There are 2 protein chains.
Amino acid sequence: MLNIKDIKKAKERINSYINETPVLSSSLLNEWIGHEIFFKAECLQKIGAFKARGACNTISWLIEDNNKPERVIANSSGNHAQAVAWAARQFNIPATIYMPAYSSKIKIQATKSYGAQVELCENRNVADESVKQASEEKGTYWIPPFNHNQVIAGQGTAIYEALNQVANIDAVFAPCGGGGLLSGTLVATRSLSPETKVIGVEPLNANDAAQSLRLNSIQKLPSVPDTIADGAMTMAVGDITFEYLKMLDDMYEIEESKILYWTQWLTHLLKLHIEPTSAMTMEAVAQWLKNQNTKKRVMIILSGGNIDQENQLTIWNNNYLDFRPNA
Amino acid sequence: MLNIKDIKKAKERINSYINETPVLSSSLLNEWIGHEIFFKAECLQKIGAFKARGACNTISWLIEDNNKPERVIANSSGNHAQAVAWAARQFNIPATIYMPAYSSKIKIQATKSYGAQVELCENRNVADESVKQASEEKGTYWIPPFNHNQVIAGQGTAIYEALNQVANIDAVFAPCGGGGLLSGTLVATRSLSPETKVIGVEPLNANDAAQSLRLNSIQKLPSVPDTIADGAMTMAVGDITFEYLKMLDDMYEIEESKILYWTQWLTHLLKLHIEPTSAMTMEAVAQWLKNQNTKKRVMIILSGGNIDQENQLTIWNNNYLDFRPNA
């Protein structure tokens, strides 16, 4: 399994390419909640999400190992597509991204703008099949979205930075899609701050990780889940990430209305454009804090800020700002 | 008239209270536009807007002058209300804010949270009359939103910081409401970087400043203007700010659809929650750049990020993200 040396090595590899994102807080929120909440703003990361870290680390690791690929490929409709396109460009490696044709125009556009060739596929299955075929070509390296040690090590650099930016954190919260961010967060936090709780958060409507932990085996969602937290829609965690997820202190499952509530409120209080997947974590924090007897300091990883117009309309359809957070 | 010493003095006074906000940029936007655009992120300022600077400087200046008031008051339905409430609290001075009852709940809520007493008035005229009456009470100081030298000097500290953060700026753009931000920006920029253009921007639907400049006398809008840029809805500039506005290099008037377009795009590219009033400036930049023959470096002051849910719905109603910016 990975250890803190792998995270440190990843941090060294990617340091000159990525942003050391700021840690922000809201004095109003802290006053209302009665605790101190810190936000690692990965929406301000390259490509607008932490995914830049894992993709960059993986390519850099290949080069370091004298395995510089002639081409990198990936299949994704989301932030991972942009991350691989962007990272490949940093090292002048051609990239091909297989995206379902129904992917949001804005993500296709950004992936192309980072210089990647985009292959639009009829649906997700075709994209999965195409990338698999392409990966058999000589010199081609397939960068998976989460189930890969170097991807995990890269994602772990976010909390590695954050715990160096702010000390004495009682608990770290991060969203769970495929589990890459959480796995890296766990490895880094257990070493840097062993007393700190590490807690995962997923939508109740896409709670495959929570179910998998309850049953102690990887469960796959029966169908594409209905959730506004599109970064956490992954159908199942990976066999590598699952081993780390088992070591979490807890996993919260969040209702859609609470995801929308906190997306509005954190956007408003922090003045950051954050994905529902990121804001979802704050509901878990609020629930966790209700059971604490002393004042706590909590770190949330705001995973990203890529939202299309349709989802923005859904987010702002009801007015949650009339009901302010409280303890 | 004010000079750079007043801005420097203001910066010293407010330095320990306000945030030195970051200057951000978007590599995609720069690539698409073919120039370098820098954004001074005043949405990340205390209370979510540059207004904190002017209010803080004014109170600090009063105290320095041995005129510490027993109470400060203001009339505002917007960011100035929160700014005065917040600034008064920094110096332990009671504040009363007169707000029209129809002000957005979220702004009333925030103003109260900063510790101010909020007097809800039937309408804007009643609020104006009430604050005037209250200002006659002994020991009470009325902080106006823009037409005041110390407010202007405070607002000028934003560009003072920005020009120290990034060098060789060819032009500075800022929105025009009552003209306080632009006046301070002009004073600071003319001294720190005399070759740099200073350009104002207002909604075409609320173009009292442009009209005033054309006619060389202050024009008042006949009725409350219909614009999404609510920070620039001011009915008329002040006699003090007008003298500075006359020295601007240009004033652009922007159509509503362009304001919406850039609010979506800058939110998406910068991952910041910014008011339409802030994003509006980017259309002026785009128009100005079309007439430039060499690559330019431009600084935009993103004035704030306080938006209620109703305006968010208006902003995201149509999809402008399908049409990407270009040169």
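Quick note on labels: first sequence line is chain A, next is B, and so on, each numbered from 1. The basis for the numbers below is simple: all heavy atoms, side chains too, and nothing from hydrogens, waters or symmetry mates. Because the structure is predicted, anything quoted here is derived from the model rather than measured.
Across Q45(B), Q165(B), E42(B), a single residue satisfies side-chain hydrogen bond (donor to acceptor under 3.5 Å, both in side chains) together with T21(B), and that is E42(B).
Put simply, the side chain of L266(A) reaches to within 4.5 Å of the side chain of L29(A), judged on heavy atoms. Annotation: side chain of L272(A) is not in contact with side chain of T267(A) (no heavy-atom distance under 4.5 Å). Contact of the S303(B) side chain with the P175(B) side chain is registered, since non-hydrogen atoms from C-beta on lie closer than 4.5 Å.
Ring geometry, Y261(A) versus W265(A): the interplanar angle falls from 30° to 60°, so the pair is classed tilted.
Heavy atoms closer than 4.5 Å to chain B are found nowhere in L269(A), neither backbone nor side chain. Contacts between I274(A) and chain B at a heavy-atom distance below 4.5 Å are absent for every atom of the residue. Neither the backbone nor the side chain of E310(A) has a heavy atom closer than 4.5 Å to any heavy atom of chain B. The contact between L313(A) and chain B is made by backbone and side chain atoms together, counting heavy-atom distances below 4.5 Å. Proximity to chain A is limited to the side chain of L28(B), based on heavy atoms less than 4.5 angstrom apart. Residue contact with chain B, scored on non-hydrogen atoms closer than 4.5 Å, involves the backbone of N318(A) exclusively.
The most heavy-atom pairs under 4.5 Å with chain A, out of D308(B), L24(B), N306(B), I307(B), come from N306(B).
Residues in residues 99-113 of chain B take part in these side-chain hydrogen bond (donor to acceptor under 3.5 Å, both in side chains) pairs, two or more places apart or across chains: W32(A)-S113(B).
Residues satisfying the salt bridge (charged side-chain N to carboxylate O under 4.0 Å, His left out) criterion with K271(B), sequence neighbours excluded, are absent altogether. Listed by chain and residue number, E256(B) satisfy the side chain to side chain donor-acceptor pair (under 3.5 Å) test with T227(B) (two or more places apart in sequence, or in another chain).
One distance of note links NZ of K40(A) with CD1 of I301(A); it measures 8.5 Å at 0.5 Å rounding.
Heavy-atom proximity under 4.5 angstrom to chain B picks out R89(A) from residues 83-92 of chain A.
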